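Okay, so here's the structure we're looking at.
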Amino acid sequence: MLRILKRIFLLLLVFVAIGAAAFYVLYLRRPPLPPAPPHARAVPAIASLPGLSACWIETGKAVSRLSIGMTAGSILVRHPAGDLLVDAGNSSRFSQDVSVYPFWRRLKLRSLAGQLNPEVPLPGLLRRIGEDPAKLRWAILSHVHLDHVGGLMNLPHLTVLMTREELLFANDPGAQAKGYVLAAYANALPKPSAPTLQFEPKPYELFDESADLYRDGSVVVVPLRGHTPGSVGIFVNLSPTKRFFYVGDSVDDEIGFEQRVGKTLLLGDSDHDPALANQIVSRLSQLHEMVPALAIIPAHGRSAYKKFFPAGPLTCVFGQPR
Ligand SMILES: [Zn+2]
């Protein structure tokens, strides 16, 4: 009897060890990355424009033990020349939207991005901070993965700024088959033949191309190709000292650029080009070292949002005292 109990105990021990190893490999292990090659910095001239502010519109957050501190949603940039929505979080009909996929893919999408579903649809949250969704000028997406574009399904008439390469990816049947990009969402975006965002060969910070959306230096977009073929990062300059760089899913969280480590296996699974994606992490790490006062905000990194928006979700930060 004692021998059998001993064996059962040993067997349990083996299972626990295998489980712990799998957990470590999937959720915790982050490969160290080499430093990015040296790059000259194009220091931007930033003016203080009256009336500029940014607001954190959190549409979903995950509280499960496996994804502590994950968030999703939008950042609203209020600009005198018309307001801009940066990313849109999940659709309020996420479960129905992914029901086109076979069981296992559906399960994967629901257990990852599906944790970040909105309780209140995006237009309702915008109204809560006094924003009329009908008066938005533009939306820009860091990339077309479903947990960044879905919220736009509730804002169907909004002009979305997107490059040709990312629109081609949104319409790629191979990408759609994996489930990270939905055909129904791609249909709501501009056609690849009529892109709404184009870069100029004008260096900005550590990037060789850029697009200055308002032509006043307040919102400048740069390519971050890797996580998806047309991923972009968005610099928002509220004042010379209040700036953030929204980097979408180029990096999981602050640990990525602070310690120069790649993504966990689970989150890296959605990287289109893992080698390019790692180069971007190294570049962000270099930027963080060179410009430590710049807040780098990863789309799902809740603690980074909390540092820039200390009063929490549904609050705004202003460039100048009101
Ligand atoms: Zn993504």
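Note that ligands are numbered from 1 as they come in the structure, with each ligand's atoms numbered from 1 the same way. What you see is a predicted model; the values in this text were computed from it and never measured.
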| query | Which atom, counting only N, O or S, brings Asp249 closest to the Zn ion (ligand 1)? | reply | OD2

| Does His143 bring an N, O or S atom to within less than 2.8 Å of the Zn ion (ligand 1)? | yes

| message | Between Glu209 and Arg225 (salt bridge meaning N to carboxylate O under 4.0 Å), is one present in this structure? | response | yes

| task | Quick one: the ND1 of His145, the Zn ion (ligand 1), NE2 of His227 angle, rounded to 10°, please. | result | 90°

| message | Count I, L, V, M, F, W, Y as connected when their side-chain heavy atoms are under 4.5 Å apart, and connections chain through other members. Are Val144 and Ile280 then in the same cluster? | response | no

| message | Taking the ring of His148 and the ring of His300, is the distance between their centroids below 6.0 Å? | response | yes

| Which residue, Phe235, Phe257, Tyr204, forms the ring pair (Phe, Tyr, Trp, His ring centres under 6.0 Å) with Phe245? | Phe235

| query | For the Zn ion (ligand 1), does an N/O/S atom of Asp147 lie at less than 2.8 Å? | reply | no

